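Below, all heavy atoms of this structure are taken into account, side chains as well, without hydrogens, waters or symmetry copies. When a ligand or atom number is given, it counts from 1 through the structure's own listing order. It should be emphasised that the depicted structure is a prediction, and the values quoted were computed from it without experimental measurement.
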Amino acid sequence: MSRRVVLAYSGGLDTSVAVRWLMEHHDAEVIAVAVDVGQSAEAAGEEWEAIRRRALAAGAVEAEVIDARREMAEEFCVPAIKANARYEGKYPLVSALSRPVIVRHLVAAARRHGAQAVAHGCTGKGNDQVRFEVGTRSLAPDLEVLAPARVWGMSRQDCVAYAAKWDIPITVTVEKLYSIDENLWGKAIECGVIEDPWADPPDDAYTLTRVTADGPVEAVIGFEAGVPVSVDGRSLPVEELIAEIGRRAGSTGYGRLDMVENRRVGIKSREIYECPGALALLQAHADLEDLTLERDLGHEKARLEPRWAELVYDGMWFSPLKQALDAFVESSQRHVTGEVRMRFSPPGVGVVAGRRSPLALYDHDLATYDKADSFRHHDAEGFVRLWGLGVSTWAARQGAGRGGGQP
Ligand code: ARG
């Protein structure tokens, strides 16, 4: 008896072949779901409608395109900004943030269409399979997850031949240089020469961060309770704001990363990224926190942030620990309101040039050394004596003070 499978469809070679393969090997009726998370379909010279038709041509019984750009920006990128999320201190979780968005839509489609399984086109070496499968199981433990590309044992050439045999209309036939994953938060680029960690990142891999500006570019980013809401005083929906900051920062070459990272599956891999909008917003947000977060809160939050990023990287977006950390982060953001002025200068340098907030904990009269000074200087003497009392007693009885010499 045939069963219904919802496939995460990208329009590329692998997922197009997967449609037919699932029909052949699982006797499946395939429902192809393409989720728009801001990957530029136009960049590939394609419209979403063309992608939808290809899924049908490949044999899908139904094909849907879902515009999830606002959802991705508001419900996934914004929490990442609030959590200052950078995996291993660097990578702003581009692909890791889009997978749970896609999973949510796969599961919803599976319910709508009465499917028993969902499928994805990931191979067995990456993190994305982990995110699709663990994500699906956290939302719908009853659904089966199929990963055709992990088991079919076909090379790229085999897939091209398979597509030809079944008349699947594929646009790419030449060998691809890189494996690219893109969404509105940025772009991840792997494979080819990038696999040699000693080799320079190839210039032609970058598209969002080519230097076109001939001088510094500025942007004033407004935040309300941790959420970026405006650029130069103009309110923008988050997905447009990310794009606008990305264009400005990217035009100066800002936003590139080159790193060796630890995948969840135990492999170290060399990857390059370009995420001008994401990195600029993360930098601006963290700076505004320096101005507005009380010291202990800021320090504790900084301890939890790497864990948040790690959980998301590891496919635990919907997990209970991640939810509990979200609650902490959310409560920390109440007063993260204000403006950050960023300056980007070719080639690729971005700095916070100024910050201000009606809720700033920075108090000029406390900080200043000029005559506006309101700090109670005489309080310092007793404070410092008590702060050092323990070590001073220790020094007299057990340490340097005892014999008079150096330790
Ligand atoms: N290493 C990154 C991550 O695990 C990016 C993976 C992107 N996939 C790709 N096909 N380039 O999140």
Practice prompt. For the pair R69 and E239, find out whether any cationic side-chain nitrogen is under 4.0 Å from an anionic carboxylate oxygen.
Written response: no

Item to complete: Indicate the atoms forming the closest heavy-atom contact of V260 with P197, along with that distance.
Response: CG2-CB, 4.4 Å

Note every protein N or O atom lying under 3.5 Å from an N or O atom of ligand 1, pairing the names and giving the distance.
residue	atom	partner	partner atom	Å
ligand 1	1 (N)	E261	OE2	2.7
ligand 1	1 (N)	E271	OE1	2.8
ligand 1	1 (N)	E271	OE2	3.2
ligand 1	1 (N)	Y273	OH	3.0
ligand 1	4 (O)	N127	ND2	2.7
ligand 1	4 (O)	R131	NH1	3.3
ligand 1	4 (O)	R131	NH2	3.0
ligand 1	10 (N)	S179	OG	2.9
ligand 1	11 (N)	S179	O	3.4
ligand 1	11 (N)	S179	OG	3.4
ligand 1	11 (N)	E190	OE1	3.4
ligand 1	12 (O)	Y91	OH	2.6
ligand 1	12 (O)	R131	NH1	2.9
ligand 1	12 (O)	R131	NH2	3.0

Discussion item. Taking the cut-offs as 6.0 angstrom to the six-membered ring centre and 45 degrees off its axis, would you call R131 and Y313 a cation-pi pair?
Written reply: yes

Discussion item. I'd like to know if R248 and D232 make a salt bridge, using a cut-off of under 4.0 Å between side-chain N and carboxylate O.
Written reply: yes

Practice prompt. Taking only Lys NZ, Arg NE, NH1 and NH2, and the carboxylate oxygens of Asp or Glu, determine whether R355 and E289 approach each other closer than 4.0 Å.
Written response: no

Worksheet item: Are R256 and Y206 in a cation-pi setup, meaning NZ or CZ lies under 6.0 angstrom from the ring centre and within 45 degrees of the ring axis?
Response: yes

